[in-house]
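Here is the naming used below: chain letters follow the sequence lines, and residue numbers restart at 1 for every chain. In what follows, every heavy atom counts, from backbone to side chain, and hydrogens, waters and symmetry copies are set aside.
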There are 2 protein chains.
Amino acid sequence: MIDPRGAPAWQQLAALLRARIEAGEWPPGALLPPAPRLRHEYGVGKATVKAAVDALRSDGLVDLERGIGMRVREPVVRERVPVPRAALITARPPTPDERASMAIPEGVHVLEVTVGGRVRGVYPADRTALSTA
Amino acid sequence: MIDPRGAPAWQQLAALLRARIEAGEWPPGALLPPAPRLRHEYGVGKATVKAAVDALRSDGLVDLERGIGMRVREPVVRERVPVPRAALITARPPTPDERASMAIPEGVHVLEVTVGGRVRGVYPADRTALSTA
DNA sequence: AAATATTTGTCCGTATGTATC
DNA sequence: CGATACATACGGACAAATATT
């Protein structure tokens, strides 16, 4: 399954897992096989599995729950947030405070809306769709 | 410098390096000390340095150049892009094609502007500021 | 031109800590 | 309490890209 001469093994593994998730093999809310089993199944080391899983997590496909496993995330419904006129929209990594108060997973950025230099709103980038009037 | 009983060592190291960068110790374009030197200087292992540097990279502070080192990124000038009315703005990870064609570094997302379900533009999230009329 | 050194990338192993069941 | 599972942290080995001699 994994070709040592091609792309890095962790990228190949991430692609394989992503395909199995999107094929519905593990529905939303289900747990993926634990890391040691994936290691055995694909014949790779721990670092490879970790890198692959990190990639899936940063893409918002799975959540890692300590002591539990890797859970497939529910499909996110993006909340529509209206944007005022003359606004500037930028994306940036969240501050530690924002990560805590909004429960923002690792690797997810925030959308910041400013008007005239004043911040009007900060939203998790994976759960938000900004709509202009 | 690094307290084994406090936060994870890689977070502490990332904070220390971030502070030294923001203090101007390594100006934009300069190279940080190589990873083996950081290991010795802070008395940590390889995985710790890697995790800390990964965090700095995902925050857009440094670029990793293979065979060269870790370079402090130039402060990015965000290009202002106008957004039409009745548009929906979302952020997502780039596809491999988009990463290649726009030279998007690892960990950086893209801003997608759609109008009526049709994609009107895709922009690197770290170099773009969308402006509403 | 060619060999050597430096530096990061990837991959493997082990051990210990912590949370959940 | 014990078993399971992820988080953190230590290490080694080799490959790939770059710079230097």
| query | Does anyone know the first and last nucleotide of DNA chain C in reach of chain A, 5' to 3', at under 4.0 angstrom to a heavy atom? | reply |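 Going 5' to 3' along DNA chain C, contacts run dT10(C) to dC21(C).
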
*More than 12 non-hydrogen atoms from neighbouring residues, nucleotides or ligands closer than 6.0 Å to CZ on R20(B), yes or no?*
yes

Please give, in whole Å, the distance from [N] [atom2] to [X] [atom1]?
{"X": "H40(B)", "N": "dC10(D)", "atom1": "NE2", "atom2": "P", "result": "14 Å"}
{"X": "K50(B)", "N": "dT8(D)", "atom1": "NZ", "atom2": "P", "result": "13 Å"}
{"X": "L32(A)", "N": "dA5(D)", "atom1": "CG", "atom2": "P", "result": "13 Å"}
{"X": "D54(B)", "N": "dA7(D)", "atom1": "CG", "atom2": "C1'", "result": "15 Å"}

Heavy-atom side-chain proximity of [X] to [Y] below 4.5 angstrom:
{"X": "P93(A)", "Y": "S58(B)", "result": "no"}
{"X": "Y42(B)", "Y": "L16(B)", "result": "yes"}
{"X": "I89(A)", "Y": "T114(A)", "result": "no"}

Taking any heavy-atom pair under 4.0 Å as a contact, classify [X]: base, sugar-phosphate, or nothing.
{"X": "R39(B)", "value": "sugar-phosphate"}
{"X": "A47(A)", "value": "base"}
{"X": "R37(A)", "value": "nothing"}

(request) Say whether, by atom type as modelled, one donor and one acceptor occur between the side chain of E79(A) and the main chain of A129(A) under 3.5 angstrom. (result)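 Absent.
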
Closer than 3.5 angstrom, by distance alone: can the side chain of T132(B) be matched with the main-chain N or O of A86(A) as a donor-acceptor pair?
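Yes, T132(B) side chain to A86(A) backbone: donor-acceptor pair under 3.5 Å.
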
Are there any protein N/O atoms within less than 3.5 Å of an N/O atom in nucleotides 13-17 of chain D, and if so, which ones and at what distance?
residue	atom	partner	partner atom	Å
dA13(D)	N6	K46(B)	NZ	3.0
dA16(D)	O4'	R66(B)	NH2	2.6

Comparing P34(B) with G43(A), nearest DNA chain C nucleotide closer to 5' gives the residue P34(B)

Result for 5'-nearest mapping on DNA chain C, choosing between V44(A) and M70(B), is M70(B)

Salt bridge present between R92(B) and D126(A) (N-O < 4.0 angstrom)
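Salt bridge between R92(B) and D126(A), a charged N being under 4.0 Å from a carboxylate O: no.
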
- Query: Can E74(B) and R127(B) be counted as an ion pair, charged N to O under 4.0 angstrom?
  - Reply: no

Applying the 3.5 Å cut-off to both distances, the Watson-Crick or G-U partner of dA1(C) turns out to be none

Query raised in the report: Taking DNA chain C as the partner, which of residues 8-18 of chain A come within under 4.0 angstrom of it by heavy atom?
Result: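 P8(A), A9(A), W10(A), in order of number.
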
(message) Show, in sequence, the C-alpha distance, side-chain angles and deciding distance for R18(A) and L13(A), and conclude whether the side chain to side chain contact (heavy atoms under 4.5 Å, CB included) test is met.
(response) CA-CA 8 Å; R18(A) 171 191 291 274; L13(A) 178 56; over 6 Å; no

Residue pair W26(A) / V72(A): nearest heavy atoms and the distance that separates them: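 Answer, listing the atom of W26(A) first, then V72(A): O-CG2, 3.7 Å.
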
Taking every heavy atom of V62(B) against every heavy atom of R73(B), the minimum-distance pair comes out as C-CG, 3.7 Å

